[in-house]
**Q** 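Have a look at this one.
This chain uses plain numbering: 1 for the first residue, then up along the sequence.
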Amino acid sequence: MTESQIDRIRKAEEAVRELVTVAAQIRQEADKLPVEDPALRKELLETAEGFETQAQDLRNALREWREDIH
């Protein structure tokens, strides 16, 4: 039996929740790194923040998909 769209969305939502958590942890850890070069520190933080933003965008897209189904 194939999975319903809602079942697939639920699985994807769980994966995205984990991804958002990991992305936030990466950002927090990047801020704690003993990097002396301010440009490198800024780049690390911006990259981590971008990763977190993309994970949140995925979460929003899944929410919209779920709303379209209902």
Side-chain angles (χ1 to χ4, degrees):
M1 176 186 272
T2 61
E3 290 181 291
S4 72
Q5 284 187 338
I6 292 295
D7 290 337
R8 293 187 341 214
I9 290 172
R10 284 185 187 125
K11 286 181 180 180
E13 285 172 336
E14 177 60 31
V16 169
R17 273 192 294 278
E18 292 176 25
L19 185 59
V20 168
T21 299
V22 169
Q25 289 171 345
I26 289 170
R27 181 181 41 79
Q28 291 168 357
E29 292 302 316
D31 193 37
K32 295 176 188 176
L33 290 173
V35 176
E36 307 230 355
D37 181 355
L40 180 57
R41 173 174 287 290
K42 181 180 177 187
E43 184 177 346
L44 283 170
L45 289 174
E46 286 174 353
T47 300
E49 288 171 5
F51 184 61
E52 189 174 10
T53 298
Q54 288 180 340
Q56 291 169 348
D57 289 346
L58 283 170
R59 180 175 51 195
N60 293 338
L62 285 169
R63 186 189 73 247
E64 289 174 11
W65 184 16
R66 179 185 283 271
E67 290 170 358
D68 286 346
I69 292 172
H70 285 89

**Q** Report the distance from atom CD of Q5 to atom CZ of R66, rounding to the nearest 0.5 Å.
**A**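 Spacing of CD (Q5) from CZ (R66) equals 11.5 Å.
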**Q** To the nearest 0.5 Å, how far apart are CD in E49 and CG in L44?
**A**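 So the CD of E49 and the CG of L44 are separated by 11.0 Å.
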**Q** How long is the straight-line distance from CD1 of I9 back to CD of E64, given to the nearest 0.5 Å?
**A** 11.5 Å
**Q** Determine the minimum heavy-atom distance between R59 and V20, stating which atoms define it.
**A**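 Here R59 and V20 meet closest at NH1-CG1, 4.0 Å.
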**Q** To the nearest 0.5 Å, tell me how far I26 CD1 sits from T21 OG1.
**A** 11.0 Å
**Q** Measure across A55 and V16 and return the closest heavy-atom pair with its distance rounded to 0.1 Å.
**A**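 Taking every non-hydrogen atom into account, O-CG1, 3.5 Å.
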**Q** Between E13 and R10, does at least one N-O distance fall below 4.0 Å, as a salt bridge requires?
**A**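 Looking at E13 and R10, the cut-off is not met.
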**Q** Please determine whether the number of non-hydrogen atoms from other residues, nucleotides or ligands lying under 6.0 Å from atom CD of E67 exceeds 12.
**A** yes
**Q** Main chain of F51, side chain of R27: is a donor-acceptor contact present, judged purely on distance under 3.5 Å?
**A** no
**Q** Once rounded to the nearest 0.5 Å, what's the spacing between atom OG1 of T47 and atom CD of E52?
**A** 13.0 Å
**Q** Under 4.0 Å between a side-chain nitrogen and a carboxylate oxygen: does that hold for K11 and E14?
**A** no
**Q** Would you say L40 ends up clustered with L45 if hydrophobic residues are merged whenever their side chains have heavy atoms under 4.5 Å apart, either directly or through other cluster members?
**A**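 The answer is no; the residues belong to distinct hydrophobic clusters.
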